[in-house]
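Below is one structure, written out as structure tokens; the observations come after it.
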Amino acid sequence: MTLAPYACNPAQTRGRRYPQAPAPTRTEYQRDRDRIVHSTAFRRLVYKTQVFLNHEGDLFRTRMTHSLEVAQLGRSIARSLKLNEDLVEAIALAHDLGHTPFGHAGQDALNDCMAAFGGFEHNLQSLRVVDLLEERYPEFDGLNLTFETREGILKHCSRANAQALELSEPGGVAQRFLSHQQPSLEAQLCNLADEIAYNAHDIDDGVRSGLITLQQLQAVPLFDDFRRQTLAEFPHLQEAVQGRRLLYEAIRRMLSAQVYDVIAATQAALDEVQPASVDAVRQLPPLVQFGAEMRAKSKTLKAFLLPQLYRHPQVLQTTGHARQVVTDLFDAYFSAAHEMPERYQRRADQSGGTDPAAVTARAVADYIAGMTDRFAVREHERLTGLRLLA
Ligand code: MG
């Protein structure tokens, strides 16, 4: 498979923070992917909530299955555009490693707890996981991934966080947020594959949970056009008993349409500007994109899902409990660091800095962010005597 000149080439990687000899049979991005799959944080994704809390049903997406779907969509598009599939896969599998338990409710609560200590942001946390928190190698912390994989993992970054990162790694992965450049096409692609994946699976999980209906979805052309198209071809799917097949077939068509749309729109943009290298890509506006019509349809879908699913009263009720679990855990560990495992106590103790409270708070946030939903619930019960979300 030949790579396009604007694809990331593992032979020309900007390298790892700790230089390592090349592997005999694998490229640098294959190695990154393998390190991610073998990490502890990756295994934990299976017990972390995407939208529906983990215990609410066995068939809803978790962060793990979401990440696998992003990798599948990303690779499929990458192959078509002659981008680097291995790099796309590595970024996709790592993109959510920094997520707290309980989905966005957990992240919002932890961000509030950390307000006085620089906040909490899951993209930056994903980078902390692969740079620092995984303890697997004798000579260094983290997984020592290549620049290109790390660049893709740090999808967003506030200016303040970018400035702090830039101090510790001059000219590194945070620089583009200060100089307003784009990441590689592979990183741009993972961003859009993420969106395509959750557009589809949130409809799927939302309908199967009973929180949204096919009737309501008639307001969403991105889905409903394909539901009507499917029914026109297969009228027997009208019967209530065939509702799932209708749902799946409409989603399948919706996914394909988005994938082909991204390939066509992105290829057209690439043909127009013809970037000669990855560095040229970084100087240009974002190139991986939906066409204008698909972009508008995707926005309409999001505008539907926000009130109808993400802020559904039943979802909000559990997110209230989730916030309480995270907040109580934070308060408990912050005032009694010895309740954490030894390696986090050691992180909390790393004084020498000017702000010991901030050091402790960051260690507590690292510990909580790494928890699975069910572990957080058990710890909360152990520390407070309250049994929530179980
Ligand atoms: Mg994601």
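Both ligands and their constituent atoms are indexed starting at 1 by order of listing. None of these values were measured; they are calculated from a predicted model. What you see below is based on every heavy atom in this structure, not just the backbone, and it leaves out hydrogens, waters and symmetry mates. Numbers for residues simply follow the sequence, beginning at 1.
Note on ring orientation: taking the six-membered ring where Trp is involved, the planes of F375 and Y367 are perpendicular (angle over 60°, cut-offs 30° and 60°). Ring geometry for H236 versus F234: interplanar angle over 60°, hence perpendicular rather than tilted (30 to 60°).
In summary, an N, O or S atom of H95 is located under 2.8 Å from the Mg ion (ligand 1).
Within D194, the N/O/S atom positioned nearest the Mg ion (ligand 1) carries the name OD1. As for H66, its N/O/S atom nearest the Mg ion (ligand 1) is the one called NE2. In D96, the N, O or S atom that comes nearest to the Mg ion (ligand 1) is OD2.
Q308 places no side-chain N or O within donor-acceptor distance of the main-chain N or O of L305, the cut-off being under 3.5 Å.
For F334 and F117, the gap between ring centers is short of 6.0 Å.
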